[in-house]
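Naming convention: chains lettered A, B, ... in sequence-line order (proteins, then strands); numbering from 1 in each chain. Being a predicted model, the structure only gives us computed values, none of them experimental.
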There are 2 protein chains.
Amino acid sequence: MQDKITAVLKAIADPTRREIFHVLLIASTALPITQIANQFDISRQGITKHLKTLEEAGLVVIDTKGRERFCNANATPLKEVNQWLQGYEQFWNNSLSNLGDYLDKNS
Amino acid sequence: MQDKITAVLKAIADPTRREIFHVLLIASTALPITQIANQFDISRQGITKHLKTLEEAGLVVIDTKGRERFCNANATPLKEVNQWLQGYEQFWNNSLSNLGDYLDKNS
DNA sequence: TAATAATGCAACTATATGGTTGCAAATATA
DNA sequence: TATATTTGCAACCATATAGTTGCATTATTA
């Protein structure tokens with residue numbers, strides 16, 4: 001397998017999956033798969049595959065009720081990405097001068 | 001092609017590329033390709049391919065001097081990822097799984 | 001009970017990805 | 001000049017990815 005952050009990054013590295021995630025996050029209610037698929041140009045099975053990737057990353061939670069599977073977005077795994085990013089925050093403004101700070105703290 | 005943020009996310013979605021990026025960022029000087037490759041178990045050509053992906057995402061800048069190509073990390077493109085993430089920050093403190101965290105800590 | 005709707009599963013295709021090896025070209029050094 | 005070093009290019013391989021279609025199954029509803 002792959003580690004957690006890799007799973008999350010791979011999930012959001014695809015534009016369609018970012019869109020699906022966004023649709024689910026701003027939806028006021030959980031959406032069944034067919035209803036999600038209707039909002040995209042690709043087939044229901046295509047959407048299902050993307051949902052599986054998102055689910056494995058923890059970004060989507062699926063709740064089966066009868067014949068329907070209701071999907072909800074869960075933003076929590078993004079925390080991990082945020083943490084990884086923050087480790088580099090000091091570099092993206094003034095990389096050279098902050099490299100010194102980093103070395104001071106980590107050597 | 002793909003848009004900028006997709007390129008950056010795909011670049012950092014691979015653990016080896018995250019490692020390369022990290023090595024270059026904390027290196028006190030720009031490193032030629034062979035020297036980077038020596039720090040990894042995969043072949044020089046494998047590293048070269050990863051460097052190309054990182055370069056296309058703007059995360060690595062390469063400066064040719066004579067027969068050598070010196071590589072430097074550039075964290076700036078991570079800003080874009082950070083911005084995308086911040087759009088969801090409000091959700092990861094206020095989601096169902098955090099209700100779970102709350103209940104865990106207070107019952 | 002019969003028809004309809006939502007879904008999963010499986011097979012298939014095309015292309016991307018992560019990796020390798022061999023060789024040629026350019027540059028540096030003895 | 002002869003040799004060694006750094007690199008790029010090309011071919012190749014195995015697997016993953018993004019997508020499709022067809023069909024069977026399970027629920028719902030008329």
Side-chain angles (χ1 to χ4, degrees), chain A residues 1-24 27 29-73, chain B residues 1-24 27 29-73:
Chain A
M1 283 284 149
Q2 53 195 3
D3 59 29
K4 175 106 188 162
I5 190 169
T6 300
V8 177
L9 285 171
K10 283 196 174 167
I12 63 176
D14 183 273
T16 304
R17 280 194 292 268
R18 285 200 301 278
E19 260 197 84
I20 294 174
F21 176 71
H22 191 258
V23 163
L24 290 177
T29 171
L31 301 179
I33 295 178
T34 301
Q35 203 168 317
I36 301 169
N38 286 342
Q39 307 184 40
F40 292 85
D41 281 339
I42 64 186
S43 70
R44 174 181 57 87
Q45 284 309 317
I47 296 292
T48 297
K49 284 196 183 182
H50 282 311
L51 284 169
K52 195 186 166 204
T53 304
L54 287 163
E55 192 187 17
E56 281 166 0
L59 290 165
V60 160
V61 177
I62 305 183
D63 181 28
T64 303
K65 266 181 191 154
R67 71 181 161 184
E68 286 170 303
R69 298 183 68 211
F70 292 92
C71 304
N72 245 317
Chain B
M1 280 289 150
Q2 54 195 5
D3 59 28
K4 175 106 189 162
I5 190 169
T6 300
V8 177
L9 285 171
K10 283 196 175 168
I12 63 175
D14 182 273
T16 304
R17 281 195 292 268
R18 284 200 302 279
E19 260 197 84
I20 294 174
F21 176 72
H22 191 259
V23 163
L24 290 178
T29 172
L31 300 179
I33 296 178
T34 301
Q35 202 167 321
I36 301 168
N38 286 341
Q39 306 184 42
F40 291 84
D41 280 339
I42 64 185
S43 72
R44 174 181 58 87
Q45 283 309 318
I47 295 293
T48 297
K49 283 197 182 180
H50 282 310
L51 283 169
K52 195 186 165 204
T53 304
L54 287 163
E55 192 187 19
E56 280 166 3
L59 290 165
V60 160
V61 178
I62 304 183
D63 180 29
T64 303
K65 267 182 189 153
R67 71 181 159 181
E68 285 168 303
R69 298 183 69 211
F70 291 91
C71 304
N72 246 317

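- Taking for each of A:Lys10 and A:Asp41 the nucleotide of DNA chain D with the nearest heavy atom, the 5'-most of the two is the partner of A:Lys10.
- For A:Thr48, no side-chain nitrogen or oxygen approaches OP1 or OP2 of C:dT7 to under 4.0 Å.
- Of the candidates D:dT7, C:dA10, C:dG19, C:dA10 carries the atom nearest the A:Gln45 side chain, counting heavy atoms from C-beta on.
- Among C:dT7, D:dA4, C:dG18, the nucleotide with an atom closest to any side-chain atom of B:Lys49 is C:dG18.
- Rounded to an integer number of Å, the gap from A:Asp14 CG to C:dA16 P is 14 Å.
- Rounded to whole Å, the distance from CG on B:Leu51 to P on D:dC9 is 14 Å.
- A donor-acceptor pair under 3.5 Å links the side-chain atoms of A:Arg17 to the main chain of A:Ala11, judged by distance alone.
- The shortest distance between the side-chain N/O atoms of B:His50 and the OP1/OP2 oxygens of C:dG19 is below 4.0 Å.
- Here A:Ser43 lies in heavy-atom contact (under 4.0 Å) with a base.
- Rounded to a whole Å, the CZ atom of A:Phe70 is 10 Å from the C1' atom of C:dA6.
- Residue contacts for B:Gly66: at a heavy-atom cut-off of 4.0 Å it reaches the sugar-phosphate backbone alone, with no base atom in range.
- Nearest-nucleotide positions on DNA chain D place B:Arg67 closer to the 5' end than the other of B:Arg67 and A:Glu68.
- For C:dT20, the OP1/OP2 oxygens have no side-chain nitrogen or oxygen of B:Arg44 closer than 4.0 Å.
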